[in-house]
Amino acid sequence: MLELFSAETTIVLGLDLSDEEDKLIKTAVSLAKKTGSRLILVHAVQPFRAYAVGGEDLVMPFEVFEQELYHSDVIESDQRLHAIRDRLPPELVIDLQVVRDYPENALDTVAAEVKATLIMCGMRVNRPGEWYGGMSTALSLMGSSPFPVMIIPLSTEIDFTTREHNILVADNLREEGLHALKAALGLCKSISYKQLIHLHVKKTSYRDINATVEKIRVAMIEGKLPANPDFDANVYLKHLKDELKAVMIERLEIADKDFAQGLHWTPRIRFGRPAEELHHLVKESNSDILVFGKHHFLRPKGLVMGKIPYQAMIEENVASIVVPDLTAFPSNIS
């Protein structure tokens, strides 16, 4: 469960030391203040590989010489991290690490070493209509990290110290959705929240629903089902929503029965495409924290990329948290 209020909580913040990260840093500091967390600022210096060619053969890189030749960038990065820390509130526990590795690997490595509860990372927002080129550090972490990952658009600053938040959790009513729900409940314990919006999207269009209703009517006329003169699409939808709501209540109690008793909880059931409905509800509910599982990225036990809710993820003033399966969690955060 993602609980950030214990004395041993550690948040790892990935920085590329650009001028765009001021709001990201302020958001991380705000969350660390609210939860009493230790904050570790991490910058990755990408490894340099100098290859030599001998005839048609590729010779191994000169790794022995690289460490000394290219150590200046590590020193410079360390100095810049120290300059950032000097500007931050002195009461916070803040550590610094410069790692020579690719960013997503560096953040996972540090998180494992310090037994982190959360990795935070910024994400640049593309202009409307642009495609997402390649996999950014943020998307790579969201897709593969064994730690919960919070992504903040670099244009966004979120205040955790003085504001209450609407938290929206997407639940597919399977195992990975339950992990996300548990994380959302832990987050509710850690910060000030107005309500937890619990969303399930049934992958059924209204056209399909109308077709099902028509089949049920025909079955009633033919005597295969008990007759109900009041039966129509609205009656069928209400019945379907009541069934799904009962399942969601049960899952809430499985996730944390005691905490669920006084929870400000709002179930939402939608029909259609999950990513689109998630995006719409984020805007309608003014949610500023979105929690979902890795099933938005990869189909269970497969390697096929799924449709991730990009639009919801890059909304102004919305933080997104992707939660891995509990089987992938390190033991300290399971």
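A side-chain contact (heavy atoms from CB on, under 4.5 Å) with Ile167 holds for exactly one of Ile289, Asp288, Ile321; it is Ile289. Considering Asp95, Thr9, Thr117 as possible partners of Arg38, the one that fulfils the side-chain hydrogen bond (donor to acceptor under 3.5 Å, both in side chains) test is Asp95. With Val12 as reference, Leu107 is the one residue of Leu41, Leu107, Leu118, Leu39 to meet the side-chain contact (heavy atoms from CB on, under 4.5 Å) rule.
Separating the CG atom in Asn172 from the NZ atom in Lys203 is a distance of 7.5 Å, to the nearest 0.5 Å. Within the model, atoms CD1 of Ile75 and CG of Asp78 stand 8.5 Å from one another, a figure rounded to the nearest 0.5 Å.
Nearest heavy-atom pair, Arg268 versus Leu281, reported as atom, atom and distance to 0.1 Å: NH1-CD1, 3.0 Å. Nearest heavy-atom pair across Ile158 and Thr27 is N-OG1, 3.0 Å. Between Ile269 and Lys245, the closest heavy-atom pair is CD1-N, 3.7 Å. Shortest non-hydrogen contact noted between Gly122 and Leu24 is N-CD2, 3.6 Å.
A donor-acceptor contact shorter than 3.5 Å is absent between the side chain of Tyr193 and the backbone of Leu187. Panel note: side chain Ser30, backbone Phe160; a donor-acceptor pair is recorded below 3.5 Å. Checking side-chain atoms of Arg273 against main-chain N and O of Leu278 turns up no donor-acceptor pair under 3.5 Å. In this structure, Glu21 contributes its side chain and Asp16 its backbone to a donor-acceptor pair below 3.5 Å. Thr156 contributes a side-chain N or O that, together with a main-chain N or O of Asn317, makes up a donor-acceptor pair within less than 3.5 Å.
Ring planes of Tyr236 and Phe231: perpendicular class, angle over 60° (limits at 30 and 60°).
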Step by step, would you call His239 with Glu243 a side chain to side chain donor-acceptor pair (under 3.5 Å)?
CA-CA 6 Å; His239 174 73; Glu243 284 188 339; 3.1 Å; yes
Verdict with supporting geometry, Ile94 and Leu88, side-chain contact (heavy atoms from CB on, under 4.5 Å)
CA-CA 9 Å; Ile94 302 176; Leu88 301 182; 3.6 Å; yes
Trace of the salt bridge (charged side-chain N to carboxylate O under 4.0 Å, His left out) decision for Glu284 with Arg270
CA-CA 13 Å; Glu284 292 171 15; Arg270 296 289 181 90; 2.6 Å; yes
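Note on Leu13: it does not cluster hydrophobically with Val93, by side-chain heavy-atom contacts below 4.5 Å among ILVMFWY residues. At a threshold of 4.5 Å between side-chain heavy atoms, the hydrophobic network of Ile, Leu, Val, Met, Phe, Trp and Tyr places Val213 and Val218 in two separate groups.
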